[in-house]
Amino acid sequence: MAAIPHHRVSVIGGGGNVGAATAFALIAKGVPAEVLVVDVADEAAQGQALDISDASFMMPGTCRKGSFQEAGQSDVIIITAGARQQPNEPRSNLIDRNYKIIKSIMDSLQPIKPTAKILMVSNPVDVLTHIAQKTSGLPRRQVIGSGTYLDTGRLRNALSQITGVSPTSIHAYMLGEHGDNQFTGWSAARIGGRPLLEHPKMKDIDLDQIYTNIQRKAYEIINAKGSTYFGIGICAATLAEALLNNTSQVFPVVNYVESFGCYMSWPAAIGSDGVEQSFDVKLNDPETKKLQVAINAIKEICDKYN
């Protein structure tokens, strides 16, 4: 029998679609880690773990069902569990319910490994990342959220189709709050070292329509199949890989930005210590106003959970 990998990644809520997609992506990407599927729904966790383990026979990673106590001693703890917003339910009520869930998870993980990194995927991700940091007791740099990483991927895919340049060579970000108050940092976007908007194929492009299409995409998927999980699964697995392998890659993730005084989706270099550095993005005046709206919205809620 092959040796168990030295690294461990636990997916809390792994019995659900997003958690299972994340665990599978970790295995499929060839991340050399022991992946634990953890869920209060024990049978669902067992089923997902068994299914995913069948995909691991050609990969360096392994997968099995794990306990909350084992998850607390993981190198990376990915949280995909949380309450879903009910029809006509106020957002404040949803956050209150999720606060109780996240606090319960953190209590179940104790004692949490001091060097562990927590990756929050559940929504509203900005606020829940703040809550996870407060209730876990880990330093801010070790607690991040998936933020606008997936939205940024959708943006770069759309721009790639317009410009004919690989999405990985387009440096453009969705920023701010993951949700209604996110915005595109068009003025800071670059391609080949030059401003993106100077690219000849970007002439006469409706930027607002690109933004609208990105915002609509999640709803389009949900309306067609009930939920989204493959895209966010690969994003979460990529972030976990960066944390394990100390890649220092820059991602638009939820991280605590000192100059803003709150958690929000903002470009940060990710490595084995968590957030290594957060970057100053030069925005124009309209974008700066949108940024301030996002900051105010996040702070107003997070101040209730200090």
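From a predicted model like this one, the values you see are computed outputs, not experimental measurements.
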* Structure fact -> Tightest non-hydrogen contact, residues L283 and G185, listed as CD2-CA, 4.3 Å
* **salt bridge (charged side-chain N to carboxylate O under 4.0 Å, His left out) pairs, two or more places apart, involving residues 131-144** => none
* When you check the side-chain N and O atoms of N157 and Q161, is any donor under 3.5 Å from an acceptor? -> no
* Asked: Got more than 12 heavy atoms from elsewhere within 6.0 Å of CD, Q209?
  -> yes
* Asked: Mind checking whether W266 and Y173 have ring centres under 6.0 Å apart?
  -> no
* With rounding to the nearest 0.5 Å, note down the distance linking CD1 in I112 to CZ in F68. => 12.0 Å
* Asked: Do you know the tightest heavy-atom contact between A83 and R97?
  -> CB-NH1, 3.3 Å
* To do: Go through the side-chain N and O atoms of S248 and E276 and say whether any donor and acceptor fall under 3.5 Å apart.
  => yes
* Asked: Hey, are the side chains of R154 and L159 touching, using non-hydrogen atoms and a 4.5 Å cut-off?
  -> no
* Structure fact -> So salt bridge (charged side-chain N to carboxylate O under 4.0 Å, His left out) across residues 188-216, not counting sequence neighbours, yields R194-E198
* Using atom types as modelled and distance alone, determine if a side-chain donor or acceptor of R156 lies under 3.5 Å from a backbone N or O of T168. => no
* Going only through I, L, V, M, F, W and Y residues with side-chain contacts under 4.5 Å, is there a path from I270 to L244? -> yes
* **Close side-chain approach of I162 to M202, heavy-atom, < 4.5 Å** => yes
* To do: Quick one: closest heavy-atom pair of V250 and P267, and the distance?
  => CG1-CB, 3.9 Å
* With side-chain contact (heavy atoms from CB on, under 4.5 Å) as the test, would you mind laying out the steps for I102 and M120 before giving the verdict? => CA-CA 10 Å; I102 298 305; M120 178 62 65; 3.8 Å; yes
* Asked: How long is the gap from NE2 on H130 to OG1 on T135, to the nearest 0.5 Å?
  -> 9.5 Å
* To do: Given side-chain contact (heavy atoms from CB on, under 4.5 Å), test C63 with V37 step by step and report yes or no.
  => CA-CA 7 Å; C63 183; V37 177; 3.7 Å; yes
* Asked: Taking the side chain from Q73 and the backbone from P111, do they hold a donor-acceptor pair closer than 3.5 Å?
  -> yes
* Quick one: are E177 and Q182 in side-chain contact, heavy atoms under 4.5 Å? -> no
* Counting only heavy atoms not in D180, do more than 12 fall under 6.0 Å of its CG? -> no
* Asked: Are L26 and F230 co-members of a hydrophobic cluster defined by side-chain heavy atoms under 4.5 Å apart?
  -> yes
* Under the 3.5 angstrom rule, does the side chain of D51 hit a backbone N or O of G47 as a donor-acceptor pair? -> no
* Asked: Taking the side chain as C-beta and beyond, is there a heavy-atom pair between I77 and L119 under 4.5 Å?
  -> no
* **Between CD1 on residue I118 and CG on residue L128, distance to nearest 0.5 Å** => 12.0 Å
* Asked: Quick one: salt bridge (charged side-chain N to carboxylate O under 4.0 Å, His left out) pairs with a partner in residues 109-119, sequence neighbours left out?
  -> D75-K113
Under 3.5 Å donor-acceptor pairs involving side-chain atoms of residues 286-295, not counting sequence neighbours:
from: E287; atom 1: OE1; to: S187; atom 2: OG; distance (Å): 2.4
from: E287; atom 1: OE1; to: N284; atom 2: N; distance (Å): 3.2
from: E287; atom 1: OE2; to: W186; atom 2: N; distance (Å): 3.1
from: E287; atom 1: OE2; to: S187; atom 2: N; distance (Å): 3.1
from: T288; atom 1: OG1; to: N284; atom 2: O; distance (Å): 2.8
from: Q292; atom 1: NE2; to: N296; atom 2: OD1; distance (Å): 3.0

* Would you give the length of the straight line joining atom CG of N98 to atom CG of N123, rounded to the nearest 0.5 angstrom? => 9.0 Å
* Beyond-backbone contact of V143 with S136, side-chain heavy atoms, under 4.5 angstrom -> yes
* To do: Flag the pair L109 / M106 as yes when at least one side-chain heavy-atom distance between them is below 4.5 Å, and no otherwise.
  => yes
* Asked: Hey, is the main chain of T148 close enough, under 3.5 Å, to the side chain of T152 for a donor-acceptor pair?
  -> yes
* **Stepwise side-chain contact (heavy atoms from CB on, under 4.5 Å) check, T129 with V127** => CA-CA 5 Å; T129 303; V127 176; over 6 Å; no
* Asked: Which side chain to side chain donor-acceptor pair (under 3.5 Å) pairs, counting each pair once, include a residue from residues 19-39, with sequence neighbours left out?
  -> R8-E34, K29-E241, E34-R64
* Passing option when S272 is tested against T247, N246, N245, T115 for side-chain hydrogen bond (donor to acceptor under 3.5 Å, both in side chains) -> N246
* To do: Provide the full list of salt bridge (charged side-chain N to carboxylate O under 4.0 Å, His left out) pairs with a residue in residues 245-268, sequence neighbours left out, each pair given once.
  => none
* Asked: Considering only heavy atoms from C-beta outward, does the side chain of V9 approach that of S74 to under 4.5 Å?
  -> no
* Asked: If two hydrophobic side chains count as joined below 4.5 Å and joins carry through other members, does L138 share a cluster with I79?
  -> yes
* Asked: If you look at every heavy atom in A237 and A25, which pair is closest and at what distance?
  -> CB-CB, 3.6 Å
* **Donor-acceptor pair, side chain of D126 and main chain of H178, under 3.5 angstrom** => yes
* To do: Identify the heavy atoms of A20 and I52 that sit nearest to each other, and give their distance.
  => O-CD1, 3.7 Å
* So which of D151, V121, V253, L150 actually passes side-chain contact (heavy atoms from CB on, under 4.5 Å) with C235? -> L150
* Structure fact -> d(I101 CD1, S104 OG) to nearest 0.5 Å is 8.5 Å
* **Cluster link M174 to I205, ILVMFWY, side chain under 4.5 Å** => yes
* Hey, is NZ on K225 packed in by over 12 heavy atoms from elsewhere, all under 6.0 Å? -> yes
* Are side-chain N/O atoms of Q133 and Q142 paired as donor and acceptor at under 3.5 Å? -> no
* Point-to-point distance, once rounded to the nearest 0.5 Å, from OG of S53 to CD1 of I27 -> 8.5 Å
* To do: Check for a donor-acceptor pair, side chain of T80 on one end and backbone N or O of S122 on the other, with a separation under 3.5 Å.
  => no
* Asked: Under 3.5 Å, side chain of E300 to main-chain N/O of A297, donor-acceptor pair present?
  -> no
* **Any donor-acceptor N/O pair, S67 side chain to E70 backbone, under 3.5 Å** => yes
* Please report the shortest heavy-atom distance between A172 and A189, naming the atom on each side. => CB-CB, 3.7 Å
* **Neighbour count >12 (heavy atoms, 6.0 Å) for atom CG, D285** => no
* Asked: Is it the case that one hydrophobic cluster holds both V281 and I170, taking links as side-chain heavy atoms less than 4.5 Å apart, direct or via other members?
  -> no
* **Flag side-chain contact, heavy atom, 4.5 Å: V11 against L36** => no
* To do: Go through the steps for Q249 and F251 under the test side-chain contact (heavy atoms from CB on, under 4.5 Å), then give the verdict.
  => CA-CA 6 Å; Q249 290 173 271; F251 300 96; 3.5 Å; yes
